[in-house]
Amino acid sequence: FLQNDNKYKLENFKDRLEQFSIPISEIQKNKFVNIEEQVRFILICREKFNHIRQIVNFDYRPKNEQIEPLLRLLMRFMTASDKKGIFFSNTNNFDYIFVGMLKTFLYTSSTTRKDMFIELLKVNKSSANINTKIRNVFQFYNKFLEFVLPKYLKVLENLFNFVANEKNQNTVSFETLITLFEYGFLREHECALKDAGLPNVIIEKISDKFSGCENITQIREKFAIDSDLGNLSAFEKKIFKKYV
C-alpha cells in the first residue's frame with residue numbers, strides 16, 4: 001500500500017498518468033518514492049534512453065565512470081531524511097568522501113569485512129578523530145549500503161525496465177549489486193553462500209574453497225566433488241550441509 005500522502009497524490013495524478021501512458025501499477029511498485037519524481041524520470045528516460053542505459057548497464061558492479069552518474073540518478077528518489085548527514089555536500093550531491101568510500105568498497109580486493117573496514121577507515125577523511133571516523137564507517141555500512149542504496153537501486157531498476165520494455169530493449173538487474181551492498185561481500189560466491197542462509201563466520205572460513213563459483217549451483221557441484229570443509233567445526237559443517 002502507498003503511504004497516505006502518496007496515495008492522495010496518486011488519486012490526483014491519475015489523469016496525468018493516463019496522459020503519459022504510465023500504468024498506476026508501475027508507480028505503486030515504489031510506494032515510498034515521490035510520485036512526481038517517478039513520472040519525471042520516466043519521461044526523461046523515454047527521451048534520453050540510450051544515455052541513461054550507459055549509466056545503469058553493467059554486469060556485476062558499476063564501472064568507475066558510472067558511479068557518480070548512477071548516484072545522481074538515485075538521489076532523484078531519496079527523501080530529505082535519506083540525504084541528511086556528513087556524506088552530502090548539499091541536498092543534490094553525495095560528498096566526495098562518500099564517493100571515495102564507495103569506490104573503495106567496490107574495487108578493493110579485501111576478503112573479510114574486518115579488512116574492508118580498515119580500508120574504509122584509510123580513505124575516510126571526514127575527521128581527524130578516530131572515533132568519529134569509525135562511527136562514519138558504521139553509518140556508511142548500516143545506513144547506506146544495507147538500506148538506502150539497495151532501496152533506491154530497486155526503484156531505479158523498476159522504472160528503467162518499464163521504459164526498456166516499452167522500447168523492446170534489454171532490461172537491467174541490480175540484484176547482485178544489491179546483495180553485495182546488503183551483505184557486504186565482494187565476490188559472487190560469497191553472495192551466493194549468504195543468500196543460501198549461511199552466517200558470515202562460516203562464509204569467511206570457507207570462502208577460498210569456493211572461489212571462482214558464480215552461483216549456488218556451481219558451489220554444490222564443487223562440494224559434490226570435494227566435500228572437505230577445512231577448519232569448520234562439526235556443528236558448522238552441519239549448518240553448511242543444511243543450507244547448501
Side-chain angles (χ1 to χ4, degrees), residues 17 20-23 25-80 82-85 87-109 120 123 140-141 143-188 191 214:
L17 293 176
F20 295 131
S21 300
I22 301 174
S25 59
E26 291 300 324
I27 300 300
Q28 288 175 321
K29 288 179 182 178
N30 309 307
K31 58 184 178 180
F32 297 113
V33 179
N34 181 278
I35 294 172
E36 292 97 325
E37 283 299 337
Q38 293 190 61
V39 172
R40 191 174 293 119
F41 176 80
I42 287 173
L43 298 179
I44 292 172
C45 192
R46 284 171 172 170
E47 180 182 350
K48 301 181 179 180
F49 181 79
N50 289 334
H51 172 70
I52 293 178
R53 179 170 57 183
Q54 290 177 348
I55 299 172
V56 302
N57 187 33
F58 46 84
D59 294 327
Y60 172 38
R61 50 191 165 191
K63 298 176 182 176
N64 183 67
E65 63 271 18
Q66 289 175 301
I67 290 179
E68 292 186 56
L70 181 64
L71 289 174
R72 284 195 290 271
L73 289 180
L74 298 180
M75 287 278 293
R76 302 180 65 93
F77 310 118
M78 291 183 184
T79 65
D82 291 326
K83 293 185 281 189
K84 287 182 179 178
F87 292 128
F88 294 91
S89 54
N90 53 58
T91 57
N92 297 314
N93 288 292
F94 278 96
D95 190 271
Y96 75 94
I97 295 172
F98 180 90
V99 176
M101 292 174 69
L102 184 60
K103 289 180 178 181
T104 297
F105 177 83
L106 288 172
Y107 301 122
T108 300
S109 58
L120 291 172
V123 299
F140 175 80
Y141 266 115
K143 179 178 180 179
F144 290 99
L145 292 190
E146 295 180 5
F147 177 68
V148 172
L149 294 183
K151 175 182 176 180
Y152 293 110
L153 278 168
K154 195 61 184 176
V155 172
L156 180 59
E157 177 185 299
N158 289 339
L159 296 177
F160 177 84
N161 286 347
F162 167 68
V163 178
N165 286 323
E166 281 187 327
K167 295 178 175 290
N168 294 316
Q169 297 293 318
N170 292 334
T171 58
V172 299
S173 173
F174 300 142
E175 285 305 313
T176 302
L177 183 61
I178 288 172
T179 301
L180 168 63
F181 285 156
E182 290 180 332
Y183 296 147
F185 295 107
L186 305 180
R187 296 183 286 182
E188 291 178 346
C191 292
E214 296 180 357

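- Gln38 places a side-chain N or O within 3.5 Å of a backbone atom of Val33 that can act as its donor or acceptor partner.
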Inset, instruction - Dump the intermediate steps for side chain to side chain contact (heavy atoms under 4.5 Å, CB included) on Val39 and Leu43, then the final yes or no. - result: CA-CA 6 Å; Val39 172; Leu43 298 179; 4.1 Å; yes

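- Nearest heavy atoms, Ile55 versus Gln66: O-NE2, 3.3 Å.
- A search for ring pair (Phe, Tyr, Trp, His ring centres under 6.0 Å) contacts involving Phe174 returns Phe58, not counting sequence neighbours.
- For the atom pair SG of Cys45 and CG of Asn161, the computed distance is 9.5 Å after rounding to the nearest 0.5 Å.
- Every pair passing salt bridge (Lys or Arg N to Asp or Glu O under 4.0 Å) that includes a residue from residues 44-58 is listed here, sequence neighbours excluded: Arg46-Glu166.
- Leu145 has its side chain within reach of Leu102: a pair of non-hydrogen atoms, C-beta onward, lies under 4.5 Å apart.
- Nearest heavy-atom pair, Val123 versus Gly100, reported as atom, atom and distance to 0.1 Å: CG2-O, 4.4 Å.
- When Phe77, Phe49, Phe41 are each tested for a ring-ring contact (aromatic ring centres under 6.0 Å, His included) with Phe160, only one passes: Phe49.
- Partners of Phe140 according to the ring pair (Phe, Tyr, Trp, His ring centres under 6.0 Å) rule, which considers only residues two or more places apart in sequence or in another chain, are Phe98.
- Counting only heavy atoms from C-beta outward, the side chains of Glu68 and Lys103 approach each other to under 4.5 Å.
- Counting heavy atoms from C-beta on, the side chains of Val148 and Leu74 never come closer than 4.5 Å.
- Summarising the geometry, atom CD1 belonging to Ile27 is positioned 10.0 Å from atom CG belonging to Asn158; distances are rounded to the nearest 0.5 Å.
- Rounding to the nearest 0.5 Å gives a distance of 14.0 Å between CE of Met78 and CG of Asn34.
- Surrounding NZ of Lys167 are more than 12 heavy atoms belonging to other residues, nucleotides or ligands, all under 6.0 Å away.
- Here CG of Leu70 is found 10.0 Å from CZ of Arg72. Values are rounded to the nearest 0.5 Å.
- The backbone N or O of Thr171 sits nowhere less than 3.5 Å from a side-chain atom of Glu157 that would complete a donor-acceptor pair.
- Side-chain N or O atoms of Glu26 include none that pairs as donor or acceptor with a backbone N or O of Pro23 at under 3.5 Å.
- Rounded to the nearest 0.5 Å, atoms CD1 (Ile42) and CD1 (Ile22) are 4.0 Å apart.
- Sparse packing is recorded around CG of Asn170, with 12 or fewer heavy atoms of other residues, nucleotides or ligands lying under 6.0 Å away.
- Side-chain contact check for Lys151 versus Phe32: some heavy-atom pair is nearer than 4.5 Å.
- In this structure, the separation between CG on Leu106 and CZ on Phe181 is 5.0 Å, given to the nearest 0.5 Å.
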Inset, instruction - Could you give me the CA-CA distance, side-chain angles and deciding distance for Lys154 and Glu175, then say whether salt bridge (charged side-chain N to carboxylate O under 4.0 Å, His left out) is met? - result: CA-CA 8 Å; Lys154 195 61 184 176; Glu175 285 305 313; 2.9 Å; yes

Inset, instruction - Verify side chain to side chain contact (heavy atoms under 4.5 Å, CB included) between Phe162 and Lys29, making sure each step is shown before the conclusion. - result: CA-CA 11 Å; Phe162 167 68; Lys29 288 179 182 178; over 6 Å; no

